[in-house]
Amino acid sequence: MLRFDVSISYDRPILDRAAFVVPEGCIAALLGKNGAGKSTLLSAAIGLLPYRGEISFRGAPLPRRERDRAKIVSLLPQALPSPALSVRDVVSFGRYSYTTKLSPSEWKLVDGALERLKISELSARLVSTLSGGERQKVFLASLLVQDAPVLLLDEPTTYMDLAFRSDFYRILREERDKGKTVLLVTHDLSDAVAEADRIVLLEAGKVAFDGTKEECLARPVLEEAFSVRRYLADENGASHVFFR
């Protein structure tokens, strides 16, 4: 279980006792308007920002040492670097918390992640030459190779083409079904209610809603928070919720 009870302030409070829990084997969508503190919360979780309070996993505070924390928590950030390194090398950095020299079996994990993300043909390309969507796949592959029990993703579909979007969410579901804890920051409300098991809504640095997707949809939580309307669409006998 991933537990947050976090306060962060700079010249003003960013997060004020933001408290919620993400169970293991669960995808939780972290929602909120710009400036609500979503990315700040993820940065605190991987040790990039100081905070007051607690971030714990399975009842224990997250380790302070970077390599120890990386064995528990992984992050796909919103702003991705563009190093002049090969795709295969960048994906291999996901094993940094375990070793500085990869064994043949670990290189096999790297190549398997490239294949899973359908970017094996980019293996020798420099990441600095890739498009934004291609870089997202590279760093997602690195996150999968890291194999931490907690996956944090900050706006991961920003540059993603529609053709890969369904594959991406399928991969998240596969990781969840392995028992991983997934916390996903997104501005796409329709994706959130379609793909997440739980919804967490931040407003002005506080948790305004924390519950299952079904509990969220039973009330006008998202309509009131984002000034949108809810619509239903039927496709092949299935109903889909979307917001505009």
Side-chain angles (χ1 to χ4, degrees), residues 2 4 18 20-42 75-80 116-118 131-137 139-140 143-144 150-178 180-244:
L2 179 65
F4 291 90
F20 64 96
V21 168
V22 184
E24 294 183 57
C26 173
I27 298 174
L30 183 61
L31 308 179
K33 293 182 178 179
N34 291 335
K38 305 182 299 297
S39 295
T40 298
L41 188 75
L42 299 194
L75 172 68
L76 181 65
Q78 185 175 5
L80 298 172
R116 189 176 179 190
L117 272 293
K118 302 177 181 178
S131 69
E134 289 170 330
R135 281 190 293 126
Q136 278 187 315
K137 294 178 184 178
F139 285 95
L140 177 57
L143 177 142
L144 295 175
V150 176
L151 281 63
L152 309 176
L153 304 101
D154 195 357
E155 294 291 346
T157 60
T158 301
Y159 302 106
M160 199 173 288
D161 58 54
L162 290 176
F164 181 69
R165 207 174 177 113
S166 61
D167 285 342
F168 166 73
Y169 282 115
R170 175 183 51 77
I171 288 169
L172 285 195
R173 291 191 297 271
E174 290 171 351
E175 294 301 302
R176 174 200 62 193
D177 293 344
K178 294 175 184 176
K180 300 287 183 73
T181 302
V182 181
L183 182 59
L184 167 73
V185 169
T186 180
H187 283 290
D188 193 318
L189 305 182
S190 303
D191 275 5
V193 298
E195 304 294 344
D197 305 302
R198 296 187 65 84
I199 303 291
V200 180
L201 173 65
L202 288 181
E203 288 185 339
K206 295 180 180 290
V207 175
F209 177 84
D210 173 21
T212 66
K213 170 174 58 181
E214 292 76 17
E215 290 168 340
C216 180
L217 291 174
R219 298 159 43 193
V221 173
L222 302 182
E223 292 90 328
E224 292 175 356
F226 296 97
S227 300
V228 293
R229 294 185 64 182
R230 184 192 310 189
Y231 297 87
L232 290 175
D234 291 322
E235 182 181 5
N236 298 325
S239 293
H240 301 276
V241 178
F242 64 98
F243 298 86
R244 297 182 71 177

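The CG atom of Leu30 sits 4.5 Å away from atom CG of Leu202, with the distance rounded to the nearest 0.5 Å. To the nearest 0.5 Å, atoms CG (Leu2) and CG (Leu151) are separated by 11.0 Å. Note that CD of Glu223 and CZ of Phe243 are 5.0 Å apart. Values are rounded to the nearest 0.5 Å. How far CE of Met160 is from CD of Glu134: 12.0 Å, rounded to the nearest 0.5 Å. Leu31 contributes atom CG, which lies 7.0 Å from atom OG1 of Thr186 (distance to the nearest 0.5 angstrom). Atom-to-atom distance recorded for Glu155:CD and Ser39:OG is 7.0 Å, nearest 0.5 angstrom.
With contacts defined as side-chain heavy-atom distances shorter than 4.5 Å, the pair Phe139/Leu143 does not qualify. A heavy-atom distance below 4.5 Å is found between the side chains of Asp167 and Lys118. Using a 4.5 Å cut-off on side-chain heavy atoms (C-beta onward), Leu183 and Val150 make no contact. With a 4.5 Å cut-off on side-chain heavy atoms, Ile171 and Leu117 count as touching. Side-chain contact check for Leu153 versus Leu140: some heavy-atom pair is nearer than 4.5 Å. Looking at Leu201 and Val221, their side chains come closer than 4.5 Å, going by heavy atoms from C-beta outward. A 4.5 Å side-chain heavy-atom check between Phe4 and Asp210 finds every atom pair outside the cut-off.
Partners of Thr157 by side-chain hydrogen bond (donor to acceptor under 3.5 Å, both in side chains), not counting sequence neighbours: none found. Scored by the side-chain hydrogen bond (donor to acceptor under 3.5 Å, both in side chains) test, Asp191 finds Arg165, Tyr169 as partners (sequence neighbours excluded). In terms of the ring pair (Phe, Tyr, Trp, His ring centres under 6.0 Å) criterion, residue partners of Tyr231 (sequence neighbours excluded) are, by chain and number, Phe242. The side-chain hydrogen bond (donor to acceptor under 3.5 Å, both in side chains) search around Arg116 returns Glu174, Glu175, not counting sequence neighbours.
A cation-pi arrangement is present between Lys137 and Phe164, with the terminal nitrogen or guanidinium carbon under 6.0 Å from the aromatic centre and inside a 45° cone about the axis.
The nearest pair of heavy atoms linking Leu76 to Pro156 is CD2-CB, 3.7 Å. The two residues Ala28 and Val22 come nearest to each other via the heavy atoms CB-CG1, 3.9 Å. Closest approach of Glu203 to Ala208, counting heavy atoms only: OE1-CB, 3.5 Å. Across all their heavy atoms, Gly205 and Ala18 have their closest contact at O-CB, 3.9 Å. Contact detail for Ile199 and Ala196: the closest heavy-atom pair is CD1-CB, 4.3 Å.
Of the possible donor and acceptor atoms, one in the side chain of Asp197 sits under 3.5 Å from a partner among the backbone N and O of Ile27. In terms of modelled atom types and a separation under 3.5 Å, the side chain of Arg230 and the main chain of Leu217 share a donor-acceptor contact.
Around atom CZ of Arg219, no more than 12 heavy atoms belonging to other residues, nucleotides or ligands sit under 6.0 Å away.
Evaluation of the side chain to side chain donor-acceptor pair (under 3.5 Å) test over residues 26-38, restricted to residues two or more places apart or in two chains, returns Asn34-His187. Among pairs with a residue in residues 193-214, none fulfils ring pair (Phe, Tyr, Trp, His ring centres under 6.0 Å), at least two apart in sequence or across chains.
The residues Glu215 and Arg198 are annotated as not salt-bridged, no charged nitrogen and carboxylate oxygen being separated by less than 4.0 angstrom.
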**Asked** Does the side-chain contact (heavy atoms from CB on, under 4.5 Å) test come out yes or no for Leu232 and Val241, once each step is laid out?
**Response** CA-CA 5 Å; Leu232 290 175; Val241 178; 3.5 Å; yes

